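Because the structure is a prediction, the values reported are computed rather than measured.
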Amino acid sequence: MNIINFTPQSAFLGGIIIGLAVIIFFIGNGRLAGISGIVNDTLVSKQNRTDNFLFVIGLVLGPIFYIFLTKIDIPFLITSSLPIIISAGLLVGIGTKIGSGCTSGHGICGISRLSLRSITATIIFMITAIITVKLIG
């Protein structure tokens, strides 16, 4: 384990903030905060389009504002290969359609509802992520 990445206090605080955001979104809209569903609905559905669009914009602007306000450099390295980025995005999009949701929908909202499908999906997501990191890293 890389001790530099072990940040239990900030991870705990982040989890609380995410949980509160999901609760507020559900109370305010009566819908679960699954990112892939919200992005999909933003692009293809006329229903709740403004809410969905604002949610997606918040996902993009939130980290930008955080970096700007805190002046903390957050190193994040990904490939600069455009074909790999596009392929990865398409695979993630296809996977979320096949799996009826993404990690945020299943992992945060589904598990909190004790959904067996979401618990199973999240376990599969995590195992796949661990294998991917081991193969690439």
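- Summarising the local packing, CZ of F125 is surrounded by more than 12 heavy atoms from other residues, nucleotides or ligands at distances under 6.0 Å.
- Annotation: the span from T120 atom OG1 to I111 atom CD1 amounts to 9.5 Å, rounded to 0.5 Å.
- Here the straight-line distance linking atom OG1 of T122 with atom CZ of R117 works out to 11.0 Å at 0.5 Å rounding.
- Between the CG atom in L90 and the CD1 atom in I86 there is a gap of 7.5 Å [rounded to 0.5 Å].
- Residues V92 and I131 fall into different hydrophobic clusters, defined by Ile, Leu, Val, Met, Phe, Trp and Tyr side chains chained together at heavy-atom separations under 4.5 Å.
- Think of M126 as one node in a network of Ile, Leu, Val, Met, Phe, Trp and Tyr side chains linked at under 4.5 Å; it has no links at all.
- Here CZ of R113 is found 13.0 Å from CD1 of I108. Values are rounded to the nearest 0.5 Å.
- The two residues S112 and C109 come nearest to each other via the heavy atoms OG-O, 2.7 Å.
- Taking CG from L69 and CD1 from I64, the interatomic distance works out to 11.5 Å, rounded to the nearest 0.5 Å.
- By the criterion of side-chain heavy atoms lying less than 4.5 angstrom apart, applied directly or through intervening Ile, Leu, Val, Met, Phe, Trp or Tyr residues, F65 is grouped together with I57 in one hydrophobic cluster.
- From L91, atom CG reaches atom OG1 of T96 across 11.0 Å, with rounding to the nearest 0.5 Å.
- With hydrophobic clusters built from ILVMFWY side chains whose heavy atoms lie under 4.5 angstrom apart, I72 shares a cluster with I67.
- Hydrophobic clustering keeps I94 apart from V39 (ILVMFWY residues linked when any side-chain heavy atoms are closer than 4.5 Å, directly or through intermediates).
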Contacts under 3.5 angstrom, residues 8-36 side chains, donor-acceptor by atom type, not counting sequence neighbours:
from, atom 1, to, atom 2, distance (Å)
S10, OG, T7, O, 3.3
S10, OG, T7, OG1, 3.3
N29, ND2, F25, O, 3.4
R31, NH1, N52, OD1, 3.0
R31, NH2, N52, OD1, 3.1

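- Under the side chain to side chain contact (heavy atoms under 4.5 Å, CB included) rule, F53 has a single partner from N48, I38, T42, which is T42.
- Here the closest non-hydrogen pair linking H106 and S100 is NE2-O, 3.4 Å.
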